[in-house]
Asker: 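The following block contains the structure, expressed as C-alpha cells.
The residues of the chain are indexed from 1 along the displayed sequence.
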Amino acid sequence: MSALNYRHLHYFWVVAKEGGFARAADRLGMAVQTISAQVRELERSLGHQLLKPEGRGLVLTEAGQAAFARAEEIFQIGQVVPHEVHEAATQRVQRLSVGLSDGLSKLAAHALLAPVLDTPQLRLVCHEGEMDQLIGELALHHLDLVLTDQPAPVNPTLRITSQLLASTSVDWYGPAELVERARRAPNKGFPYVLETLPVLLPTRHASLRASLERWFEQHHIRPQIVGEFEDSALMSVFAARGLGVFPVSRLGADDLSMMAGLHLLGQTEVVEDVHAIYSRRGQNHPLVAKLMQRRGMPMQMADIDSESEIASAE
C-alpha cells in the first residue's frame, strides 16, 4: 500500500463534513473537479470506496466512516497546532491540561496540583471522565497528564508511564449534628458508630469504594448507606446539608474548610492511592516535571506493556 497522502485525506475530510463536493469546493476555494479527483485518488490508494451517492448528496461507506474518524482526530489536532506553537513561542501562557478520572477524589485535586498553581501565566484546563476515555485523550496529546485512582492498564500499543503520585489516609467527616450524635452513642465508638449513622460512599467505579468495603468487613460493620456519589465534592455538599457522614482523603480534607459545618468524625487506616499517567510529551512538559518533583516522585519513562513494567514505573 502506498504512503498516505494527507492532502487527499484533508479534501475527503472536508467533503464528508460539508456533505458534498460543491460545498467542500466553496469552503476550500477550489474547483469541484479538482477536489473530486483528489478524493478518488485517495480511494484508489486505500483500495476502498469511501463515499457513495444517496439522494442528492453523498454519504460515507463503512470504510469511509473509519477513514473519517481518523481524519477527524488528525485534523482536530492540526487545528490547535498553530495556537499552541504561538503560545510556546511567545511564552505568554503556560498551559497544563489535566484529566481527572471519575474514581479520583476531586477534593484532593487542588492539593495534588498545588505545586504548579503559582506558575505565572498559568492556564489550567481540567477534564473529568472515565479512565479509558482519558487515556485515549492522553494518547492523542489532548492531555498532558492524567490523575487517577488506579495505575495505567496493560496495553502494549500505549507509550505511557504510570507512577504512584501519592498515598493518603482516609478520614470520616460529617455535619455537626451527626458527629455529636456519634459522640453520645452508648457503647458505640468509631468506627462502629457508622452502623447507627446515615453513610455516604463513593460509587463502585472508585477504587476507594472497594478499600472501604474491605475495611467494613474487617471491622464487621454494616453501614447504613443512604447515598452514593461519583464526585467527592458533590458528596461533601450533601453531607454538609445533613444527609450523612462520608469518607475523604486527608489530601482533600484541607478544602473541606470551605464547606461550613463539617467536622471530623474519625480516622482510619484505609489508604487512597493517586497515580499520575503521562506520555513522552508529558515527560517533557515543565509543569508535569515540576509536579512530579514537588511530590517527591522522580519522573520515569517506560512503555507500559507488561505487569512488571507497571510495577517498576510505580
Asker: Would you mind reporting whether Leu42 and Leu9 have side-chain heavy atoms less than 4.5 Å apart?
Answerer: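 Of all side-chain heavy-atom pairs linking Leu42 with Leu9, at least one is under 4.5 Å.
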Asker: Tell me whether the count of non-hydrogen atoms from other residues, nucleotides or ligands lying under 6.0 Å of CD in Glu177 goes above 12.
Answerer: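 It does not: Glu177 CD has 12 such atoms or fewer within range.
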Asker: Specify the closest pair of heavy atoms between Leu143 and Leu138, including all atoms of both residues, with the distance to one decimal.
Answerer: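 So the minimum-distance heavy-atom pair works out to O-CD1, 3.4 Å.
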Asker: Return yes if some donor-acceptor pair links the side-chain N/O of His142 with the main-chain N/O of Ser97 below 3.5 Å, else return no.
Answerer: no
Asker: Taking the side chain as every heavy atom from C-beta outward, state whether Asp231 and Glu128 have any atom pair closer than 4.5 Å.
Answerer: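 The answer is yes; the side chains approach within 4.5 Å.
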Asker: Hey, quick one: are Leu117 and Met292 part of the same hydrophobic cluster, counting side-chain heavy atoms closer than 4.5 Å, chains of contacts allowed?
Answerer: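 Yes, it is one cluster - the side chains of Leu117 and Met292 are joined through contacts under 4.5 Å.
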Asker: Between Asp144 and Val98, is there a side-chain heavy-atom distance shorter than 4.5 Å?
Answerer: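 A side-chain contact is absent here, since even the closest heavy-atom pair is not under 4.5 Å.
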Asker: Under 3.5 Å, is there a donor-acceptor pair between the side chain of Arg209 and the main chain of Pro202?
Answerer: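 Yes; judged by distance alone, with no hydrogens or angles, the pair exists.
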Asker: In the structure I gave you, are the side-chain heavy atoms of His141 and Ser279 within less than 4.5 Å of one another anywhere?
Answerer: yes
Asker: State, yes or no, whether a side-chain contact exists between Trp172 and Leu212 at a heavy-atom distance under 4.5 Å.
Answerer: yes
Asker: Flag the pair Glu72 and Lys17 as a salt bridge only when some basic side-chain nitrogen lies within less than 4.0 angstrom of an acidic carboxylate oxygen.
Answerer: yes
Asker: Does any N or O in the side chain of His205 come within less than 3.5 Å of the main-chain N or O of Asp102, such that one atom is a donor and the other an acceptor?
Answerer: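 Yes.
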Asker: Indicate, with yes or no, if Val271 and Val248 share a hydrophobic cluster defined by side-chain heavy-atom contacts under 4.5 Å among Ile, Leu, Val, Met, Phe, Trp and Tyr.
Answerer: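 No; tracing contacts between hydrophobic side chains, which count when under 4.5 Å, never links both residues.
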Asker: Step by step, would you call Phe68 with Leu51 a side chain to side chain contact (heavy atoms under 4.5 Å, CB included)?
Answerer: CA-CA 10 Å; Phe68 178 76; Leu51 298 162; over 6 Å; no
Asker: Please assess Ser232 against Ser105 for the test side-chain hydrogen bond (donor to acceptor under 3.5 Å, both in side chains), listing each intermediate value before the final yes or no.
Answerer: CA-CA 5 Å; Ser232 60; Ser105 171; 3.2 Å; yes
Asker: Looking only at heavy atoms, which two atoms of Val14 and Ala24 are closest? And how far apart?
Answerer: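 Looking at all heavy atoms of both residues, the closest pair is CG1-CB, 3.8 Å.
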Asker: For Thr203 and Glu228, indicate whether the former's side chain and the latter's backbone hold a donor-acceptor pair under 3.5 Å.
Answerer: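 Checking the backbone N and O of Glu228 against the side chain of Thr203, no donor-acceptor pair under 3.5 Å is found.
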Asker: Between the main-chain N or O of Leu50 and the side-chain N or O of Glu43, is there a donor-acceptor pair closer than 3.5 Å?
Answerer: yes
Asker: Testing the basics here: between Leu124 and Leu113, what is the closest heavy-atom pair and its distance to 0.1 Å?
Answerer: CD2-CD1, 4.2 Å
Asker: Do the side chains of Met131 and Ile277 get nearer than 4.5 Å, heavy atoms only?
Answerer: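 Yes. Closest side-chain heavy atoms under 4.5 Å.
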Asker: On a heavy-atom basis, which atom in Gly20 and which in Leu58 lie closest, and how many Å separate them?
Answerer: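 That would be CA-CD1, 4.2 Å.
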Asker: So, Glu195 side chain and Pro223 main chain: donor-acceptor pair closer than 3.5 Å or not?
Answerer: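 Answer holds: no.
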Asker: Hey, are the side chains of Val39 and Phe21 touching, using non-hydrogen atoms and a 4.5 Å cut-off?
Answerer: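 Yes; the side chains approach each other to less than 4.5 Å.
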Asker: Around atom CD of Gln218, are there more than 12 heavy atoms of other residues, nucleotides or ligands at under 6.0 Å?
Answerer: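 Enclosed.
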Asker: Between Asp149 (side chain only) and Ser207 (backbone N and O only), is there a donor and an acceptor less than 3.5 Å apart?
Answerer: yes
Asker: Name the one of Leu201, Leu265, Thr268 that satisfies side chain to side chain contact (heavy atoms under 4.5 Å, CB included) with Pro247?
Answerer: Leu201
Asker: Do you know the tightest heavy-atom contact between Tyr11 and Gln38?
Answerer: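 The answer is CD1-CB, 3.4 Å.
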Asker: Between the main-chain N or O of Ser101 and the side-chain N or O of Lys106, is there a donor-acceptor pair closer than 3.5 Å?
Answerer: yes
Asker: For Leu46 and Leu4, work out which heavy atoms get closest and say how close.
Answerer: CD2-CD1, 4.3 Å
Asker: Would a hydrophobic clustering, with Ile, Leu, Val, Met, Phe, Trp and Tyr connected at side-chain separations under 4.5 Å, put Ile225 with Leu208?
Answerer: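 Hydrophobic grouping puts Ile225 with Leu208.
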Asker: Do you reckon Phe246 sits in the same ILVMFWY cluster as Leu264, going by side-chain contacts under 4.5 Å, direct or chained?
Answerer: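 Shared cluster, yes.
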Asker: What is the distance from atom OG1 of Thr161 to atom OH of Tyr278, rounded to the nearest 0.5 Å?
Answerer: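 Thr161 OG1 to Tyr278 OH: 4.5 Å, rounded to 0.5 Å.
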Asker: Take a 6.0 Å sphere around CZ of Phe238 and say whether it holds more than 12 heavy atoms from other residues, nucleotides or ligands.
Answerer: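 Check fails, neighbour count at 12 or below.
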Asker: Do Ser236 and Leu107 have side chains that get closer than 4.5 Å, going by heavy atoms?
Answerer: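 A side-chain contact under 4.5 Å exists here.
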Asker: Can you tell me if His219 has over 12 outside heavy atoms packed within less than 6.0 Å of its NE2?
Answerer: yes
Asker: Decide if atom CD of Glu269 counts as having more than 12 heavy atoms of other residues, nucleotides or ligands within a radius under 6.0 Å.
Answerer: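 Yes, because the 6.0 Å sphere around CD of Glu269 holds more than 12 heavy atoms from other groups.
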Asker: Kindly determine whether Thr34 and Leu28 satisfy side chain to side chain contact (heavy atoms under 4.5 Å, CB included), including the steps that lead there.
Answerer: CA-CA 11 Å; Thr34 301; Leu28 295 170; over 6 Å; no
Asker: Please determine whether residues Met235 and Val179 belong to a single hydrophobic cluster, defined as Ile, Leu, Val, Met, Phe, Trp and Tyr linked transitively by side-chain heavy-atom distances below 4.5 Å.
Answerer: no
Asker: Are Asp118 and Lys290 ion-paired here, with the side-chain N under 4.0 Å from a carboxylate O?
Answerer: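 Yes.
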